[in-house]
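For reference, the structure is listed below as structure tokens.
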Amino acid sequence: MVGSRQSSMDENEWARQNRQRGSTMYRRESNMSEASFLTDVEMAQDEVFSGPMSESVPTATSAFSHRRSRADSNASFAFYEEERDFDSTEEVPEDALMDEGEYDLENGSLAPEDLFDGDGDDANGGVERDGGEESESLVGDGESEGSRRPSIGRKRKSSGFSRMSRGSRGSRRSTDSRRSVDAPLLKRHTSADSGGSGYGRGGEKVSQKIYILTEDMTIVVAGFSTSLFGFAVYVTLCVLTGGLGYLLLRWLPRWYVKIVGRVTPLGKCDWVVIENQWGEMIIQNLSKQDFGHSLSAVFGDPEKSKFRDYDEMDDPVLDELRILDYRYIRFCYHPVKDKFVLGNTWQDPAWTDMAAVREGIDTDEAENREKIFGKNAIDIEQRTTGQLLMDEAFHPFYVFQIASLVLWSLDEYYYYAACIFVISAMSITTTLIETKQTMKRLREISRFECDIRVFRGGFWRYVESSELVPGDVYEVTDPNLGQFPCDSLLLSGDCIVNESMLTGESVPVSKTASSDETLELLNLSASAIHPEVAKHMLFSGTKIIRARRPQDDKSDEAAALALVVRTGFNTTKGALVRSMLFPKPSGFKFYRDSFRYISVMGGIAGIGFLATLVNFIRLGIHPGLIIVRALDLITIVVPPALPATLTIGTNFALQRLKSKLIFCISPQRVNVGGKIDVMCFDKTGTLTEDGLDVLGVRVVSRPLNRFSDILSDSTALLPGGQYERDPTIDYNANKAILYTMATCHSLRIVDDEFIGDPLDLKMFEYTRWQYEEGSERPSAGAEDDEDKSLTPSVARPPPGMEFDIDEEEDSPNRGRPIELGVLKQFEFVSQLRRASVVVRQFGDKSGDVYVKGAPEAMKDICRPDSFPPDYDELLAYYTHRGFRVIACATKHIFKLNWLKVQKMKREEAESNLEFVGFIIFENKLKERTTEIIEELVEANIRTVMCTGDNILTAISVARECGVVDRTAHCFVPHFVEGDAHTPLSKLAWESVDNPVYTLDESTLKPLPPPAEHDSSLPYDVSNLRNYSVAVSGDVFRWLVDFASPKVLREMLVVGQVFARMSPDEKHELVEKLQSLDYCAGFCGDGANDCGALKAADVGISLSEAEASVAAPFTSRVFDISCVPEVIREGRAALVTSFSCFKYMSLYSAIQFTSVSFLYASASNLGDFQFLYIDLLLILPIAIFMGWSGPYPELAKKRPTASLVSRKVLTPLLGQIALCVITQLIGWIVVRQQPWYQPPVLDKGHSNSLNSENTTLFLLSCYQYILSAVVLSVGKPFRQSMAENLPFVITLLVALAVTSYMLFDPAPWLTDLMELTWMSQGFRVFVLVLGGGAFVVSYACERNVFPVLARWIGKARRGSKVRKQYKVVREDMRI
């Protein structure tokens, strides 16, 4: 969106883009990133975790935004027609906000003549779009700038323009993408009118479609103003219907808009309707304020028109600022482009060089910017108790409750109505209090205010942090500042910050001062901060561990300064808070299915309603009573307590998980945990211990050029005394590797303690050296002018090793102690996989470069002759055994001065090096890892390892813990032609143990070994059946980008180990597995897993935080024992939800049957009979039914997750049929008894005092109680009913009370319950009938109905859609 960053595009460029039309589309570059939010907030909403924030936070690596296509997303918009919405004045689409159609311009798939083609519909045969995947397809997969890859998605159709999907290749088009075209709310205009669907009659836009990259959300904004006639109609409707019209239009806002709204251009409208791709819709008023400044003040640099060159149009004055705030995202109306433009991507065109930026802004400019960007406060709007109460009370569920209460009161069921009213009032009050508390806690966590020292108008002054605006320069070293108040760039000084709130990673991060290059790379409209900029970016809400003034500044500036770039909700912290407030819909089908089922039950109630109506009219009942009675049937069939009982199992599961230190911020994910098919694990810190111990060092002995034996401590590496040293060994390589370990690390000292990477810490502890971090004191006796204001970080050897005994007698350094000053540091970069330092011995004129990194990365930067011939063999020896290996290299630089060091580029330092040896780290498995992996494998849950470590190390650890079969072949693909960036590369899939065994490259099935091969060796042919595949990150990248979809699917099904994976590739792996219909879980512990944790269906973070937005589950027990716990609880909760639902459905059916039989003779159940059934039987039984814990062993099969499946509906309908038959028998038999007391027909009231009533009431009570036993599922997913003590006690008490009422009730109880006399024999008959029905029901539930369901399944076999991964797996079976 940034004007200053967009260049004009002349006709030549258009012609060039036109020529590219036929070529392959290119993916946009984008950055994916990860984040978490360390907080103790438990959200009131169900789905808190998966909010729209993953793009807005820092990442250390360039990334790919791959997302799964959402089957449940609704990208067909009521207020927008899917034709064209592009703007001919748009040169280059904004990175962060894209209008549909603009994407085609960028990719060269639209020529200029298409823009002005008068007959859009007819010429192109209509423009077809991917409706359901709109949000996925607008921004493609990407790499860093300048290295775009061709996409392998669908070919562009000649009839129009379709898009590449960013989700799985070939994912299906949305079936309802054109729904709004069939019945549009906006009038369709022909192309002669406006040339686009979003335009009004005057050529002005009335609606606009926007894809917000940072939120991964597509919205449509449609302009309206209030029609006076429409508003009058609305008021009349509300009054005439007694408020019913108000309620209906509140629940159906589209109708409200149709009645009240008048379509108005965006530039003139009073309010807008905003709808997102999930069908969530709100009506939002616009904020208007007088402005009087130029357009560029709001939108950046003035933009030149492509086809006109009117100077007065370059930067007109904006009289009125029209602002739209949607979910705390600010849009400003751009009058020239005639559309709303995202506000959080704004950059000042003056941010080009550091000197200009440091001047800050003046007070007038600050006031002006505050108008545009608002206050620098993450201030969540607090709704009043009245508003919350109204929202809760007007929810359809509670309105249904209120209607039921009125109905029951009219029917003189006062006691029952009063009890239900008290329960509903308590429920609303509890929800209200919880919501208020949650919002209060979230507000407290997100709000931050303090006084900040700001440089404004040439003077330093204190202002409140809420008054900061982009462009302000403030002091970071203020001792009162504990955390950063906004997103800012460090201009001078350095900081150590804790970003765990964003990333979950507790290792502190160093931040250094920006340069002009940083300002060039700064692009706030990109989906993630550039990795080079992230090193200088101070993110809002992150804690300051240490801030220091500039050490090399010759001015008197005694403070570290930062430039404000984003404020308020536009910051990364704002995005995190937004994600908690507005979670994405989870799409779990259980809740949707349950409401479908309720609507079916409502249909049944409708039939009952009509039958009752006819019968009562026939009997001549009073019309008032007829209506009340008939409506009462509906309240019976749709029980008001149903929604509450659906969450009981989940709530109990959450409590049990909490007691095991597993915390959940997304209750819906508990049920999803029961469906997991594949579980991915990070290696380091998850499967293995967090810290690595140094096993020892293998040094390259010169001049023999071979590795030494392993040296297990620093005194063996470099002995202190001459007499301890072997005279045949050149100790220069030993010295180099020791100096590398002492200086090449990211450790910092805070409060006399080292903080930094645990691996660096272990490595430095091995040396036993001392380290002094550079300070701002001028060094005494500095020789060069450059040294006067800086003392570099210095490493010194331990006592007794202070002097270098190898120095020549006449050397000036002979008597000097060893002091290694770190003059320059190149930090670890995950793409390069190495770090380096430039070091100078105190007093020397020359220096050294020391590099450490992944052994694979050394081949490119070291001299080939410096590698021993057995380099690869030794590396393989250690990595095969699961050790972590770091390689070290060095080179000497003659005549090194300060200026030369500062100008030295990384490429220059890290080239032509001499390899000196390996540092070998031991990485032990955590104690419980193997047993947990075995338990998951035993339960038929696939386990996958996903790590950034070396592939052989990963395979070794995978075999040790059981992820990969210890005795079977593991195949590793490698490039035999080309590389990861070459489309026509060729892979060879060879066994890691014996390269003779290979896989067919197109089917990934093992090929037979050559005839001459001896198959009696280990890992022979007999072990090929259980083979697995291990893939490295570069091969994974190539397979995703260029391989055939078939090979990619096969690799995803047999791949067990994924090594050298970047954070974004981990994320993508999870989404690729999901695209094969896997329900995927991910368990990890650090910042580089955040993307994968968020993408997974169930993400479990091993973290000290009680809640983190990085994952729905957080375990404080730092091993993978939490995984089977979550799966067990998920399965138990899922089964409990189904049991409770079936029970409540059966309860409705039983009561509906009883009442229907009684209605035949105008009778009904009594007030206290209803009370007894609903409050004393159903409520406690339904609650305690969910109390059962999970079964201790994980079963091989998973519970069904579909409510409308034959496995659920067949038994349920069978049980309903049995209940109806049982009551029918009771009803028929009682009418034949000699003492039968018939109902007395009262045309004004229902008579409850009759034999039919008593029989059906008591018989149904046994049915309610014993149905709970039938439907209470135990093994294999839950503990048996016998272990659920409260449930057993409830059943026994209920049976005892019911039997007491049947056989020997006290007179007062007989009167209260309106029971009539029955013979003793008949009482026994009722008991036997109830008991017999229970036995039949139990036998059918366990033995008959499952078989029946299977038969139905076989009969409908052809219609069942199988999961993709199962089909692939079957095809690959040997």
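We're numbering straight along the sequence, starting at 1.
Side-chain contact check for L1073 versus C680: some heavy-atom pair is nearer than 4.5 Å. K1363 is listed as a side-chain neighbour of D677, based on a closest heavy-atom distance under 4.5 Å. A heavy-atom distance below 4.5 Å is not found between the side chains of D1119 and E927. You'll find the side chain of E1068 stays beyond 4.5 Å of the side chain of M1061, heavy atoms only. Side-chain atoms of F663 and K658, non-hydrogen and from C-beta on, do get closer than 4.5 Å to each other. When side chains are defined from C-beta on, Y1365 does not count as touching R942, because their heavy atoms never get closer than 4.5 Å. The shortest side-chain heavy-atom distance between W1038 and F975 falls under the 4.5 Å cut-off. E935 has its side chain within reach of L1194: a pair of non-hydrogen atoms, C-beta onward, lies under 4.5 Å apart.
Side chain of T953 to main chain of F883: a donor-acceptor pair is present (N/O by atom type, distance under 3.5 Å, no hydrogens or angles). With hydrogens and angles disregarded, a donor-acceptor distance shorter than 3.5 Å links the side chain of Q1056 to the backbone of T943. Between the side chain of K1196 and the backbone N or O of E938 there is at least one donor-acceptor pair closer than 3.5 Å. Judged purely by atom type and a 3.5 angstrom limit, K675 has no side-chain atom pairing as donor or acceptor with the backbone of R1198.
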What's the verdict on side chain to side chain contact (heavy atoms under 4.5 Å, CB included) for V957 and R884, showing C-alpha distance, side-chain angles and the deciding distance? CA-CA 11 Å; V957 172; R884 176 94 176 262; over 6 Å; no

I would like to know whether K1066 and F1036 meet side chain to side chain contact (heavy atoms under 4.5 Å, CB included); could you show each step before the answer? CA-CA 10 Å; K1066 290 181 181 183; F1036 177 78; over 6 Å; no

Go through the steps to decide whether S1028 and V1057 satisfy the test side chain to side chain contact (heavy atoms under 4.5 Å, CB included), and finish with yes or no. CA-CA 8 Å; S1028 57; V1057 174; over 6 Å; no

Could you walk me through whether F681 and C961 satisfy the side chain to side chain contact (heavy atoms under 4.5 Å, CB included) test, starting with their C-alpha distance in whole Å, then the side-chain angles of each, then the deciding distance to 0.1 Å, before giving a yes or no? CA-CA 12 Å; F681 296 95; C961 67; over 6 Å; no

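Within the model, atoms OG1 of T686 and CE of M945 stand 10.0 Å from one another, a figure rounded to the nearest 0.5 Å.
Between V1047 and L1004 the shortest heavy-atom distance is O-CD1, 4.1 Å.
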